[in-house]
Amino acid sequence: MKSYEEIIAPKENVELIFMSLDRSEDSALKWAVKENFPWPLVLADKQKRSGLSKFASRGIPYYVLIDKEGKIIAKGKYACFEKIKEL
Amino acid sequence: MKKLNSSILALTCLLTAIPVHAREWTSADGSKKFPADFISYNNEAKTVTVMKGFKKVTFKTSMLSEADQTWLTEQASAKETSKEAKKSSSTPNIIGDQIDKGILSKLSGKHFKRYTLKEPMPEYYMLSFSASW
């Protein structure tokens, strides 16, 4: 959360999209309320339609940075944030 | 009389036309200066093309002063930045268009509400795959 607020939130050209893997919307909502998620998210039932599920990996949490054309720029939390700092 | 007026007008326009990159150039050793209009710079070959009077001349940038060489690299850099900016803004935002169709939600109080990306759409998206379990 701190990294998001310090690194991503101030940048207008970068958006964090949370890909919720909770099958139940209730579970996803409870967690979002508890942590006060400030970012937009894609619920599990819409992920296929979003076209973004292809970027998922086996393990979670998983972070990947892509450009607007869908090209992968960085993988992994540290690499993503370091790259975003440069943008 | 009409012919004379139009000739005078054409000559006036020619004389008062402001060249885009009129510049006084200095030789590397500082001993010579000459006015010429900048046409282009080849960063790979390190050559510059100028219009000296009515003659187009190309020569190595090493023949120019350090200040002139710096100016040339700044021109090249400014051109690249402008090219990148144009490229960036003109390419479609495929991801943005894909997900901005009622797919995104955002927490609003204690509920999820439909969310639309702000304009202009972001250039980059950090996807965070996770779950509450």
Side-chain angles (χ1 to χ4, degrees), chain A residues 4 7-8 11-44 46-47 49-53 55-74 77 80-81 83-84 87, chain B residues 41-44 46 69-133:
Chain A
Y4 170 80
I7 300 168
I8 298 181
K11 289 190 184 279
E12 287 185 4
N13 62 341
V14 184
E15 181 75 270
L16 185 144
I17 307 286
F18 186 81
M19 305 293 288
S20 173
L21 300 178
D22 277 296
R23 290 195 188 273
S24 144
E25 187 175 325
D26 268 346
S27 304
L29 180 60
K30 271 183 189 157
W31 192 28
V33 168
K34 185 187 170 197
E35 302 294 332
N36 196 22
F37 282 1
W39 40 64
L41 65 149
V42 180
L43 293 167
K46 289 187 176 146
Q47 287 193 13
R49 193 155 64 98
S50 74
L52 299 179
S53 52
F55 295 106
S57 182
R58 281 187 182 175
I60 61 164
Y62 178 67
Y63 303 85
V64 59
L65 178 67
I66 60 174
D67 69 9
K68 63 182 181 179
E69 292 175 311
K71 183 181 154 193
I72 295 175
I73 308 295
K77 189 177 181 180
C80 287
F81 278 110
K83 188 67 193 175
I84 291 168
L87 299 173
Chain B
Y41 168 59
N42 187 324
N43 195 31
E44 282 173 25
K46 300 290 180 201
Q69 290 185 47
T70 304
W71 184 85
L72 286 169
T73 45
E74 282 168 2
Q75 294 301 304
S77 173
K79 197 177 173 184
E80 270 310 304
T81 307
S82 166
K83 239 191 234 177
E84 282 298 318
K86 273 187 192 166
K87 188 185 170 191
S88 171
S89 63
S90 64
T91 49
N93 200 315
I94 296 170
I95 298 297
D97 290 341
Q98 221 166 270
I99 62 177
D100 212 27
K101 292 174 182 173
I103 284 173
L104 293 173
S105 301
K106 198 171 179 188
L107 186 66
S108 177
K110 292 191 177 177
H111 303 279
F112 283 139
K113 281 200 173 162
R114 187 172 158 169
Y115 178 78
T116 308
L117 291 170
K118 289 175 198 165
E119 288 287 343
M121 284 191 191
E123 300 279 316
Y124 301 92
Y125 300 86
M126 179 164 159
L127 308 181
S128 169
F129 292 87
S130 194
S132 60
W133 35 266

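Chain naming here is simple, since letters A, B, ... match the order of the sequence lines and numbering starts at 1 in each. What you see is a predicted model, and the numbers here were worked out from it, not measured in a lab.
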> Relative to chain B, which of A:I73, A:L65, A:L29, A:V42 shows the most heavy atom pairs under 4.5 Å?
Replying inline: A:L29
> Got A:E15 and B:L117 here, is their nearest side-chain heavy-atom distance under 4.5 Å?
Replying inline: yes
>> As an exercise, state the distance from CZ of A:F18 to CG of B:L127, rounded to the nearest 0.5 Å.
In response: 11.5 Å
> Would B:Y124 and A:I66 count as a side-chain contact (heavy atoms from CB on, under 4.5 Å) if you check the C-alpha gap in whole Å, the side-chain angles of each, and the deciding distance to 0.1 Å?
Replying inline: CA-CA 6 Å; B:Y124 301 92; A:I66 60 174; over 6 Å; no
>> Is B:Y115 in contact with chain A via its backbone, its side chain, both, or neither, using a 4.5 Å heavy-atom distance?
In response: side chain
> Are B:I99 and A:I17 close enough, and set up right, to give a side-chain contact (heavy atoms from CB on, under 4.5 Å), and what steps lead you there?
Replying inline: CA-CA 10 Å; B:I99 62 177; A:I17 307 286; 4.0 Å; yes
> Looking at A:F55, A:F81, A:Y63, A:F37, which one has more heavy-atom pairs under 4.5 Å with chain B than the rest?
Replying inline: A:Y63
> Looking only at heavy atoms, what is the nearest atom pair of A:V33 and B:G109, with distance?
Replying inline: CG2-O, 4.3 Å
>> Can you give me the closest heavy-atom contact between B:N93 and A:K68, atom names plus distance?
In response: OD1-CB, 3.3 Å
> A:A28 versus chain B, heavy atoms under 4.5 Å apart: side chain, backbone, both or neither?
Replying inline: both
> Any idea which heavy atoms bring B:S128 and A:L16 closest together, and the distance?
Replying inline: CB-CD2, 4.2 Å
> Where does B:K118 contact chain A at under 4.5 Å (heavy atoms): side chain, backbone, both or neither?
Replying inline: neither
> Among B:K106, B:K110, B:K101, B:M126, who wins on heavy-atom pairs under 4.5 Å with chain A?
Replying inline: B:M126
> Does any heavy atom of chain B fall under 4.5 Å from the side chain of A:E35, the backbone, both, or neither of them?
Replying inline: neither
>> Give me the atom names and distance for the closest heavy-atom approach of A:D67 to B:I95.
In response: O-CG1, 3.6 Å
> Taking all non-hydrogen atoms of both residues, which atom of A:V64 and which atom of B:F129 are closest, and how far apart?
Replying inline: CG1-CE1, 4.1 Å
> Okay, side chain of B:Q98, backbone of A:S50: is any donor-acceptor separation there less than 3.5 Å?
Replying inline: yes
> What are the two closest non-hydrogen atoms of B:F112 and A:L43, and how far apart are they?
Replying inline: CE1-CD2, 3.8 Å
>> Out of A:A56, A:A32, A:S27, return the one with the most heavy atom pairs under 4.5 angstrom to chain B.
In response: A:A56
>> With heavy-atom distances below 4.5 Å as the criterion, would you say the side chains of B:S130 and A:W31 are in contact?
In response: yes
>> In the structure I gave you, are the side-chain heavy atoms of A:I60 and B:W133 within less than 4.5 Å of one another anywhere?
In response: yes
>> Is it true that A:K30 and B:S132 share a donor-acceptor pair across their side chains at a distance under 3.5 Å?
In response: no
